[in-house]
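Structure, as structure tokens:
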Amino acid sequence: MNTVLSRANSLFAFSLSVMAALTFGCFITTAFKDRRVPVDIHVSRVMLKNVDDFTGPRERSDLGFITFDLSADIKPIFDWDVKQLFLYLSAEYATKSNALNQVVLWDKIVLRGESTKLNLRDMKSKYFFFDGGNGLRANKNITLTLSWNVVPNAGILPLVMGSGHMSVPFPESYETTKSY
Amino acid sequence: MIEYFPLSFYSLCLSSKMINFANGLLAEQIFQGIILASAVIGFAYGLIIEQFGWTVYIVLGGFAVSCLLTLPPWPMYRQNPLSWQPALPETTGETLQKPQENLKKKKHK
């Protein structure tokens, strides 16, 4: 510790170690928090088409169009360890060929500091709701759920499903609209 | 000719209160204390206002203050100068002593 450089070296290394310990402390104070929030989803319109799906070799596939309403208050999830939330709305259903299908219809990134009251009306899906085949027609039960991925400042990235979902049946025939 | 012992030796001597060290050890105590204090304050403040950014800023502030206090060679670190032996004239006995001392230094390092 007799030269400036050795003192500077020791000081810098000590500061970095302390910073690492503080970051771990930040993680440990919020590690076991429950990040679920009630979510309200409502579907207003469902339409079904049978079109050529050029991404696959099959003949024609079912394409669904959903118009939905979404309301949730995600403020309780944000704390000092959360940088942003990645929300996504997914549809789950079963067909004859697959026991479980999951399709993401819409997503949103919510940064810390933005408005946290989600109140969306008459939203159209962002992504195509294709089924590989004809599994959507006359499907009794398609469940829509909102989930989110918590992106922290330090720590694990949990994947949390909101408590609240909506199940809708799809129409029996193509090109017709069903209103709820 | 400066003896360079490992830090554990210093803290051992300090705990037994046998030797009063100056220079580097005082500076080290100062900056460790400042950074730990700023870390505790920063952690508490960040936890209260729910922003980890402030914790980082406070620790960086503590780091800057420590730099200012401990890096330049202030007079307070020169309070207890080591009393060096007067230089001995070059004799054959002296030259025999020197290689042994060099060996001892290298071992401790």
Side-chain angles (χ1 to χ4, degrees), chain A residues 1-35 37 73-86 110-117 148-158 160, chain B residues 1-7 9-11 14 21-74 77-78 81-82 109:
Chain A
M1 304 298 278
N2 294 303
T3 64
V4 177
L5 283 182
S6 79
R7 281 200 297 274
N9 177 28
S10 185
L11 170 62
F12 188 61
F14 186 69
S15 303
L16 277 187
S17 307
V18 164
M19 205 58 237
L22 284 182
T23 310
F24 181 73
C26 175
F27 156 65
I28 212 77
T29 51
T30 57
F32 305 108
K33 198 173 127 171
D34 184 20
R35 300 183 191 269
V37 171
D73 182 22
I74 50 178
K75 192 154 199 316
I77 307 178
F78 282 102
D79 53 26
W80 74 328
D81 196 24
V82 173
K83 177 177 174 278
Q84 65 191 18
L85 286 188
F86 178 73
V110 179
L111 295 171
R112 181 129 185 266
E114 288 180 354
S115 74
T116 52
K117 273 194 156 9
W148 46 86
N149 205 350
V150 179
V151 178
N153 279 325
I156 331 177
L157 288 85
V160 180
Chain B
M1 300 276 259
I2 300 172
E3 308 279 7
Y4 207 87
F5 292 103
L7 193 60
F9 178 79
Y10 284 147
S11 33
L14 196 64
F21 280 93
N23 305 342
L25 197 52
L26 175 63
E28 178 155 357
Q29 285 175 320
I30 286 181
F31 78 68
Q32 277 182 349
I34 290 180
I35 294 207
L36 279 179
S38 66
V40 169
I41 294 176
F43 192 75
Y45 188 61
L47 191 56
I48 290 174
I49 68 169
E50 295 254 310
Q51 287 203 7
F52 190 62
W54 274 99
T55 302
V56 179
Y57 294 148
I58 291 179
V59 172
L60 285 181
F63 175 76
V65 167
S66 318
C67 273
L68 211 55
L69 276 185
T70 65
L71 285 186
W74 300 114
Y77 302 130
R78 300 209 190 118
L82 296 169
K109 231 184 170 174

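Just so it is clear: chains get the letters A, B, ... in the order the sequence lines come, proteins before strands, and each one is counted from 1.
Proximity to chain B involves both the backbone and the side chain of A:V4, based on heavy atoms less than 4.5 angstrom apart. Both the backbone and the side chain of A:F12 have a heavy atom closer than 4.5 Å to some heavy atom of chain B.
Applying the side-chain contact (heavy atoms from CB on, under 4.5 Å) test to A:D79 and every residue at least two apart in sequence or in another chain returns A:T30, A:K33, A:R35, A:D81, A:V82, B:E50. In terms of the salt bridge (charged side-chain N to carboxylate O under 4.0 Å, His left out) criterion, residue partners of A:K117 (sequence neighbours excluded) are, by chain and number, A:D73.
A 4.5 Å side-chain heavy-atom check between A:F14 and B:S66 finds every atom pair outside the cut-off.
Atom CG of A:L157 has more than 12 heavy atoms from other residues, nucleotides or ligands within 6.0 Å.
Your options are B:L36, B:T55, B:L47, and the one with the most heavy-atom pairs under 4.5 Å with chain A is B:L47.
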Anything under 3.5 Å between a donor and an acceptor, one on a side chain of residues 19-29 of chain A, the other on a protein residue two or more places apart or in another chain? List them.
from: A:T23; atom 1: OG1; to: A:M19; atom 2: O; distance (Å): 2.8
from: A:T29; atom 1: OG1; to: A:G25; atom 2: O; distance (Å): 3.4
from: A:T29; atom 1: OG1; to: A:C26; atom 2: O; distance (Å): 2.9
from: A:T29; atom 1: OG1; to: A:W80; atom 2: NE1; distance (Å): 3.2

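Rounded to the nearest 0.5 angstrom, A:L11 CG and B:I30 CD1 are separated by 11.5 Å.
At a heavy-atom separation below 4.5 angstrom, chain A is approached by B:V56, B:V59, B:F63 within residues 56-64 of chain B.
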